[in-house]
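Written below as structure tokens is the structure these notes are about.
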Amino acid sequence: QVQLVESGGGSVQAGGSLRLSCAAYGYPASSYCMGWFRQAPGKELEGVATIDDDGSTSYADSVKDRFTISKDNAKNTLYLQMNSLKPEDTAMYYCAADGRSCPDANSGMDYWGKGTLVTISS
């Protein structure tokens, strides 16, 4: 079975940076979409960023120019570099993957990690 394990979450002051990592184990497809989603208390799940098998990326407007998604194929690891963090970035961040291309996958991703908590203080 597929397993996604997030790490790198924590508490940081506004304006600071964090890098989240997601290690993928047993992923079945060679062509796939991977991405980061987040959910703040009392709010709906929000797509943050995705990266397709060809390297194409997509970002939510709220994180554009502050966050960067990338992956290391050799290590089967997904990253999210988060800079200029704001209190509104506080959320549980989830790594997700799907065997389809990103436009077809979106929030209907097949595989999910358990999440890593990011807390931004003022």
Side-chain angles (χ1 to χ4, degrees):
Q1 59 181 1
V2 174
Q3 186 176 31
L4 303 176
V5 182
E6 303 99 332
S7 62
S11 181
V12 67
Q13 290 185 258
S17 298
L18 283 173
R19 188 179 76 161
L20 306 184
S21 298
C22 171
Y25 303 93
Y27 194 75
S30 59
S31 180
Y32 56 89
C33 175
M34 297 193 74
W36 292 96
F37 296 77
R38 67 185 183 185
Q39 187 168 30
K43 296 185 178 180
E44 295 294 315
L45 187 69
E46 175 190 19
V48 176
T50 61
I51 184 166
D52 223 329
D53 190 53
D54 65 358
S56 299
T57 59
S58 181
Y59 297 90
D61 288 341
S62 60
V63 306
K64 188 177 178 64
D65 299 324
R66 298 190 298 120
F67 292 9
T68 302
I69 187 171
S70 62
K71 61 179 179 179
D72 185 330
N73 291 327
K75 296 181 179 179
N76 293 123
T77 301
L78 180 74
Y79 302 98
L80 184 68
Q81 179 65 48
M82 305 186 293
N83 298 325
S84 302
L85 285 161
K86 304 174 181 180
E88 52 263 43
D89 294 319
T90 295
M92 184 72 73
Y93 283 71
Y94 299 93
C95 173
D98 198 279
R100 299 168 293 177
S101 64
C102 287
D104 294 325
N106 293 312
S107 60
M109 308 283 265
D110 287 338
Y111 310 107
W112 294 81
K114 293 182 178 180
T116 185
L117 183 63
V118 172
T119 303
I120 312 302
S121 59
S122 300

Measuring only between side-chain heavy atoms, which start at C-beta, is [X] closer than 4.5 Å to [Y]?
X	Y	answer
Val63	Lys86	no
Tyr79	Arg19	yes
Leu20	Glu6	no
Cys95	Met34	yes
Ser21	Thr116	no

Where does the angle between the aromatic ring planes of Tyr94 and Trp112 fall among parallel (under 30°), tilted (30 to 60°) and perpendicular (over 60°)?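 Judged by the thresholds at 30° and 60°, the geometry between Tyr94 and Trp112 is perpendicular.
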Closest heavy-atom pair and its distance - [X], [Y]:
X	Y	value
Leu4	Cys22	CB-SG, 4.0 Å
Val118	Gly9	CG2-CA, 4.2 Å
Ser122	Ala14	CA-CB, 4.5 Å

Can you name the side chain to side chain donor-acceptor pair (under 3.5 Å) partners of [X], sequence neighbours left out?
X	result
Thr57	none
Arg66	Asp89
Asn73	none
Asn83	Ser17, Gln81

Picking from Thr90, Leu85, Thr119, what satisfies side-chain contact (heavy atoms from CB on, under 4.5 Å) with Val12?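 Of Thr90, Leu85, Thr119, side-chain contact (heavy atoms from CB on, under 4.5 Å) with Val12 is met by Leu85 alone.
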Check whether [X] reaches the backbone of [Y] with its side chain - one donor and one acceptor, N or O, closer than 3.5 Å.
X	Y	answer
Asp110	Asp98	no
Tyr59	Ile69	yes
Asp54	Ser56	yes

Is it the case that one hydrophobic cluster holds both Leu117 and Phe37, taking links as side-chain heavy atoms less than 4.5 Å apart, direct or via other members?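 Yes, one cluster joins them.
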So does Gln13 have more than 12 non-hydrogen atoms from other groups sitting under 6.0 Å from CD? no
Who passes side chain to side chain contact (heavy atoms under 4.5 Å, CB included) against Ser62, sequence neighbours left out?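 Arg38, Glu46, Ala60.
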Only counting residues at least two apart or in another chain, list the ones meeting side chain to side chain contact (heavy atoms under 4.5 Å, CB included) with Ser58.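 If we apply the side chain to side chain contact (heavy atoms under 4.5 Å, CB included) test to Ser58, skipping adjacent residues, the hits are Thr50.
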Which distance, rounded to the nearest 0.5 Å, do you find between the [atom1] of [X] and the [atom2] of [Y]?
X	Y	atom1	atom2	result
Gln39	Leu45	CD	CG	5.5 Å
Lys71	Thr77	NZ	OG1	11.5 Å
Ile51	Ser70	CD1	OG	6.5 Å
Tyr32	Tyr111	OH	OH	13.0 Å

